[in-house]
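Only one structure is covered here, and it is reproduced in the block below.
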Protein chains: 2
Amino acid sequence: MTTTRNPDQTRATLLDAAFEEIFEHGFQGMRVDDVLARAGLKKGAFYHHFESKQALGYAVLNEIIGGFIGKRWTEGMVQGEDPIQALEDVIDKMESYAKPGKPFCGCPLNNVAQEMAPLDAGFQERIEQLFEGWIGVIAEAFARGQENGTIRKGIDPHGVAMFVVAAIEGCVGLTKASQDPGTFTRCREQLSGYLGTLRPNP
Amino acid sequence: MTTTRNPDQTRATLLDAAFEEIFEHGFQGMRVDDVLARAGLKKGAFYHHFESKQALGYAVLNEIIGGFIGKRWTEGMVQGEDPIQALEDVIDKMESYAKPGKPFCGCPLNNVAQEMAPLDAGFQERIEQLFEGWIGVIAEAFARGQENGTIRKGIDPHGVAMFVVAAIEGCVGLTKASQDPGTFTRCREQLSGYLGTLRPNP
DNA sequence: CCTCAGACAGACCAGTTGGTCTGTAGTTCC
DNA sequence: GGAACTACAGACCAACTGGTCTGTCTGAGG
């Protein structure tokens, strides 16, 4: 057989290529032609699967980025009894986001958020949902921690979860700004210190 | 006698217009024509004062953004004896960054940082310096606080200052993502809680 | 006054970009 | 096995974008 057709695979290839281009250059900086070149496809394929560049952006946000966040954080935060340990474990994995030899591009979700949230209501809506979901699973873990005694009773789980997400994104963002992995290590040390203050008083 | 010429003023007008456009659309999203329209000037003026779009971006970063950070934070952090109170005061002023009726665009420095740091070494270099300066004045304030008893001895001033900047940018970033000023209020509450942990143990 | 360099206006250009359109080869269904 | 539909290839286009260039007016210095 010649090259067997596989529309689902083609669409997935386009999404993956688009994700990488958006991750590196931002949504506005992403060029349709570059996505096509990376995917090894042509305009025909692109506009067969996606209505527009904007539609592709939405799809990347929903399917790739949303899927990743959902998988890593939703699964990660239900591990074990101790929410702080679960957080630390998931954050551990973030250290490997940097691709050797390439500039550190930060967090895909936050990148799109900071670029597009004020510019495009469609992006903003989905971004907000993704953050809320992310914060939600952490908040729930904190609430469970308050039950099993790993987290101090006095804190507001959702408020603290929001701040934790903000702090994580801040640390990643500073690392991206400095382009130095050491920045993340140093920031993360302080973040761990803060997380320690969430434990019950001895 | 007619419209008196004033090259310095013209340049400043261009910088201000460019700052606004970059603030709203990002550097890549900023269009030279839009800057000109906002400034009420033409191509001739632009390329007389600036070599390129990139050169304008550098100038905005150095002069407008760097100038603002330097003024607000360097001056703010030497006020009074208590660094935490000084921080709270400067953060208070940030609540007014939102322009009524317009989408909330976050922090100009962080916007450019997240967009351009991995893409352009010239931007990255200056961004890093601005962050380091910002972190520096906070770290120095913490160190003074350790002397005068307002800050706990055990902390690493520079490490904590870095985390504080990260946390602030994280809170602003989440607010931008949600496009809801209430997000900043809630995040900021937790940030204040964290800052409280930096005080000496009673 | 009279240069002459500086400070712009504004027409113009070449390359880029998102998007369209026609053609054609697989696929499926009967 | 032949419609009919799907999944692309790839040429093409109009709009946009950063940047250039020439001309003109201003104002400072001689």
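A, B, ... follow the sequence lines: proteins, then strands. Residue 1 opens every chain.
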Could you check how far NZ of K42(B) sits from C1' of dG18(D), rounded to whole Å? 17 Å
Could you give the CD-to-C1' distance, from E21(A) to dT17(C), as a whole number of Å? 14 Å
Using whole Å, what does the distance between atom P of nucleotide dT20(C) and atom CD of E51(A) come to? 9 Å
Whole-Å gap separating P (dA7(C)) and CZ (R11(B)): 12 Å
Figure out the CZ/P separation between F27(A) and dT17(C), and round it to whole Å. 14 Å
Protein-nucleotide distance (Y47(A), atom OH; dC12(D), atom P), rounded to Å: 18 Å
Per the side-chain hydrogen bond (donor to acceptor under 3.5 Å, both in side chains) rule, what does the pair list look like for residues 131-147 of chain A, sequence neighbours excluded? E132(A)-H158(A)
Residue pairs passing the ring-ring contact (aromatic ring centres under 6.0 Å, His included) test where at least one lies in residues 27-46 of chain B, sequence neighbours excluded: F27(B)-F123(B), F46(B)-F50(B)
Below 4.0 Å: OP1/OP2 of dG26(C) and any side-chain N or O of T4(A): no
Let's go through Q190(B) and Y194(B) carefully: what are the C-alpha distance in whole Å and the side-chain angles of both, what is the deciding distance for side-chain hydrogen bond (donor to acceptor under 3.5 Å, both in side chains) to 0.1 Å, and is it a yes or a no? CA-CA 6 Å; Q190(B) 302 299 324; Y194(B) 166 71; over 6 Å; no
Contacts under 3.5 Å, N or O only, protein and nucleotides 13-17 of chain D:
none

Spacing between F50(A) atom CZ and dT20(C) atom C1', to the nearest angstrom: 18 Å
Please check the phosphate of dC8(D) (OP1 and OP2 only) for any side-chain N or O of H49(A) closer than 4.0 Å. yes
Closest to the L41(A) side chain: dC8(D), dC8(C), dT20(D)? dC8(D)
What verdict does the side-chain hydrogen bond (donor to acceptor under 3.5 Å, both in side chains) test give for T185(A) and E189(A), after you've listed the backbone C-alpha separation in whole Å, the side-chain angles of each residue and the deciding distance to 0.1 Å? CA-CA 6 Å; T185(A) 308; E189(A) 201 175 320; over 6 Å; no
To the side chain of R5(A), which of dA7(C), dG19(D), dT27(C) is closest? dT27(C)
If the cut-off is 4.0 Å, is H48(B) near the phosphate of dC8(C), judged by side-chain N/O to OP1 or OP2? no
Using a 6.0 Å cut-off, check whether atom CD of E63(B) has over 12 heavy atoms from anything other than its own residue. yes
Short side-chain N/O contact to dA7(D) OP1/OP2 from T10(A), under 4.0 Å: no
Roughly, in whole Å, what's the span from CZ in F46(A) to P in dA7(D)? 16 Å
Check: A59(B) main-chain N/O paired with R126(B) side-chain donor or acceptor under 3.5 Å: no
Rounded to the nearest 0.5 Å, what separation is found between the SG atom of C171(B) and the NZ atom of K176(B)? 15.0 Å
